[in-house]
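To keep things clear, I will list the structure first and then write my remarks on it.
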Amino acid sequence: MKVLVVGSGGREHTLCWSFKRSPLCEKLYCSPGNAGISELAECLPFAVNQTDEITEACKRLAIDFVMVGPEEPLTLGLADKIRAAGIPCFGPSKEAARLEGSKGYMKDLFARAGVPTAAYKRFNNPEEAKNYVRSIGAPIVIKADGLAAGKGVTVARTIDEANNAIDDAMVKLIFGNSGKEIVVEEFLEGEEVSFFAISDGKTAVPFAAAQDHKTAYDGDKGPNTGGMGAYSPVPAFNMEMQEQVMREMIIPTVNTMRTDGTPFTGILFAGLMLTAKGPKILEYNVRFGDPETQAMLPRLKSDLLEVLYAASKGELGNAKLDWHDRAALCVVMASNGYPGEYKKGSVIKDLDKAASIANSFTFHAGTRKDGNGNTTSYGGRVLGVTGWGSTIADARASAYKAVDSIDWKEGFCRRDIGWRAVK
Ligand code: AMP
Ligand code: GLY
């Protein structure tokens with residue numbers, strides 16, 4: 001098969017790394033890719049939102065299968081365009097991608113499908129939202145309805161904080177139209193887990209769970225980021241919970257979406273809170289997680305390309321995935337200053353030393369080759385260094401050994417990835 005991966009992050013590098021090992025993969029393309037991906041795949045020049053150009057390229061290159069990494073092109077209808085060209089694509093339609101694109105739509109779907117989640121109300125008027133906040137009290141959670149680059153959620157500790165978040169979103173429009181409508185939601189407490197399931201529109205099979213580290217600095221301090229590291233499996237999330245989540249959340253979601261006439265083909269990424277009353281869902285994303293993917297795929301024994309291709313054709317059946325009996329842990333290296341302002345263009349040295357560390361692999365995110373063939377930084381999150389081993393502690397040791405062999409003064413990482421699992 002000729003395969004195209006759409007995206008340029010660590011998640012996409014990991015997908016390319018997995019696909020490249022599949023005997024089904026004859027030729028691999030990625031658009032737009034990064035410096036690491038260019039060693040595995042031929043990179044095309046199109047940004048992920050150039051959906052018409054990507055579709056044209058698929059026809060011209062006679063691509064057999066497309067895997068879409070990020071949510072943006074999905075919400076723009078890339079999967080619909082590729083399927084309309086007769087090419088199987090793993091990723092939901094524009095309609096089905098509303099599950100991530102609109103929190104209000106998602107919460108209403110939870111209510112209709114009976115999926116356990118935080119109590120909520122939708123608002124398009126700031127005064128009504130504030131009255132509701134006053135009636136419930138703090139802590140309380142305020143969420144912009146639309147996509148807001150991961151910044152649309154405020155966990156408000158006080159009523160003042162909640163009111164400010166309402167004004168920011170609905171009056172000052174700091175997220176543009178994405179915040180004209182909001183969801184006000186019950187505050188839930190517990191450990192957070194990212195759980196993934198694959199659906200072909202008719203049925204779903206469990207993939208795996210991972211735990212992300214969202215804040216920038218050690219001890220879960222500092223501003224929120226896209227994710228500073230992850231590990232998998234998650235000891236706090238046992239098989240019984242997985243079965244419960246499949247039964248109470250994933251299967252009802254897939255069934256409801258199919259009955260609605262908007263079947264979901266792709267990966268369901270459930271952001272779970274393990275509360276004292278059992279797992280509840282905070283949100284769905286309609287794509288693989290980043291950096292969760294970098295911590296899950298090195299554990300996978302099955303042929304990922306075969307499974308995703310089957311799902312894209314509606315032929316998942318009762319596929320079962322095989323996993324290595326190992327743990328994996330990914331440490332993200334980010335540019336100094338991230339998630340605030342940072343500089344691009346510094347040279348990352350000694351990646352070859354990292355490559356020689358056993359049981360590890362360095363996935364690239366924001367990297368580019370300069371004119372001299374050096375790998376340089378080109379984004380906030382720059383590398384995802386994954387280690388694996390028979391325990392999470394072994395995986396962590398391999399990951400940090402590889403991290404420590406990389407010479408990049410302009411970057412930083414957390415030193416405590418996996419702390420909940422390794423005391
Ligand atoms: P989301 O974008 O919905 O995943 O929210 C971002 C983060 O906000 C989550 O990872 C949680 O840490 C936190 N959060 C979201 N909803 C809630 C809630 N109902 N209760 C407590 N924390 C929440
Ligand atoms: N790591 C969280 C996400 O991919 O959204």
Side-chain angles (χ1 to χ4, degrees), residues 7 9-12 14-15 69-72 74 99-107 110 115-121 133 136-157 161-162 165 169 175 178-179 182-196 207-216 220 222-232 234 267-277 279-297 330-332 334 339 363 365 380-381 384 414 417 420:
R11 166 183 51 211
E12 287 78 21
T14 318
L15 290 165
E71 66 277 15
E72 189 195 357
L74 294 168
L99 207 47
E100 177 162 355
S102 164
K103 300 236 188 242
Y105 164 79
M106 173 189 78
K107 294 293 286 192
F110 291 163
V115 173
T117 185
Y120 75 105
K121 243 180 131 155
V133 164
I136 304 282
I140 195 156
V141 183
I142 313 293
K143 299 187 172 182
D145 184 79
L147 292 177
K151 297 193 172 80
V153 175
T154 303
V155 178
R157 300 281 156 186
E161 215 183 307
F175 310 119
S178 288
I182 61 163
V183 169
V184 178
E185 171 173 301
E186 170 197 10
F187 173 77
L188 298 177
E189 262 183 301
E191 194 165 325
E192 278 184 64
V193 174
S194 305
F195 174 69
F196 299 81
F207 191 70
Q211 189 164 56
D212 189 11
H213 298 62
K214 291 201 167 139
T215 62
D220 287 341
N224 267 324
T225 71
M228 291 300 290
Y231 64 91
S232 175
V234 183
I267 191 131
L268 282 167
F269 164 177
L272 303 175
M273 189 73 94
L274 307 183
T275 75
K277 290 190 196 146
K280 292 199 180 185
I281 187 162
L282 294 178
E283 63 159 359
Y284 273 126
N285 297 303
V286 300
R287 50 174 176 81
F288 274 99
D290 190 329
E292 287 93 331
T293 303
Q294 292 89 309
M296 294 191 298
L297 294 189
C330 173
V331 178
V332 170
F363 297 107
R381 292 189 295 172
R414 278 179 62 158
I417 300 304
R420 277 198 166 82

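When a ligand or atom number is given, it counts from 1 through the structure's own listing order.
- Heavy-atom contacts of F187 reach the following atoms of ligand 1: 20 (N), 21 (C) (cutoff under 4.0 Å).
- Of the options T215, L188, T154, T117, the smallest heavy-atom separation from atom 21 (C) of ligand 1 is shown by L188.
- Using a 4.0 Å heavy-atom cutoff, E189 is absent from the residues neighbouring ligand 1.
- Scanning the protein heavy atoms around atom 17 (C) of ligand 1, the nearest turns out to be L282 CD2, 3.5 Å.
- Closest to atom 2 (C) of ligand 2 among all protein heavy atoms lies D212 OD2, 3.4 Å.
- The two residues S232 and M296 have their closest heavy-atom pair at OG-CG, 3.9 Å.
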Exercise for the section: Starting from the C-alpha separation in whole Å, work towards a yes-or-no answer on side-chain contact (heavy atoms from CB on, under 4.5 Å) for L282 and E192. Expected result: CA-CA 9 Å; L282 294 178; E192 278 184 64; 3.9 Å; yes
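- Between the E71 side chain and the E100 main chain, no donor and acceptor come within less than 3.5 Å of each other.
- In this structure, G227 does not count as a contact residue of ligand 2, since none of its heavy atoms falls inside 4.0 Å of the ligand.
- From the protein, the heavy atom lying nearest to atom 5 (O) of ligand 1 is V153 CG2, 3.5 Å.
- Counting the atoms of ligand 1 from 1 in the order shown, those under 4.0 Å from a heavy atom of K214 are 10 (O).
- At least one donor-acceptor pair under 3.5 Å links the side chain of T225 to the backbone N or O of G227.
- Checked by distance only, ligand 2 and G226 come closer than 3.5 Å through their nitrogen or oxygen atoms.
- Without hydrogens or angle criteria, S194 side chain to G271 main chain gives no donor-acceptor distance under 3.5 Å.
- For atom 4 (O) of ligand 1, the closest heavy atom belonging to the protein is E283 OE2, 2.7 Å.
- Atom numbering of ligand 2 starts at 1 in the shown order; those under 4.0 Å from a heavy atom of E292 are 1 (N), 2 (C), 4 (O).
- Taking a cut-off of under 4.0 Å to the non-hydrogen atoms of G289, the atoms of ligand 2 that pass are 4 (O).
- In terms of protein heavy-atom proximity, atom 11 (C) of ligand 1 is closest to E192 OE2, 3.1 Å.
- No side-chain heavy atom of V286 sits less than 4.5 Å from a side-chain heavy atom of F269.
- Between A209 and V193 the shortest heavy-atom distance is CB-CG1, 4.0 Å.
- Residue R287 places a heavy atom under 4.0 Å from ligand 2.
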Handout entry: Derivation and outcome, side-chain contact (heavy atoms from CB on, under 4.5 Å), residues E186 and T117
Key = CA-CA 9 Å; E186 170 197 10; T117 185; over 6 Å; no
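- Close contacts between ligand 1 and E185 involve ligand atoms 16 (N), 17 (C), 18 (C), 19 (N) [criterion: under 4.0 Å to a heavy atom].
- Proximity of the aromatic rings of F288 and F207 is defined here by a centroid distance below 6.0 angstrom, and this criterion is met.
- In this structure, R287 contributes its side chain and L268 its backbone to no donor-acceptor pair below 3.5 Å.
- Taking 4.0 Å as the cut-off, F269 counts as a neighbour of ligand 2 on heavy-atom distance.
- Heavy atoms only, all atoms of each residue included: G152 and F175 are closest at CA-CZ, 3.8 Å.
- Atoms of ligand 1 found under 4.0 Å from any heavy atom of M273, numbered from 1 in the order shown, are 21 (C), 22 (N).
- Under a 4.0 Å N-O distance rule, the pair E292/R11 does not qualify as a salt bridge.
- Selection from M106, K143, K151 by nearest heavy atom to atom 15 (C) of ligand 1 gives K143.
- Between D290 and ligand 2, a contact under 3.5 Å exists for at least one N or O pair.
- Between atom 13 (C) of ligand 1 and the options V183, L272, V155, the minimum heavy-atom separation is to V155.
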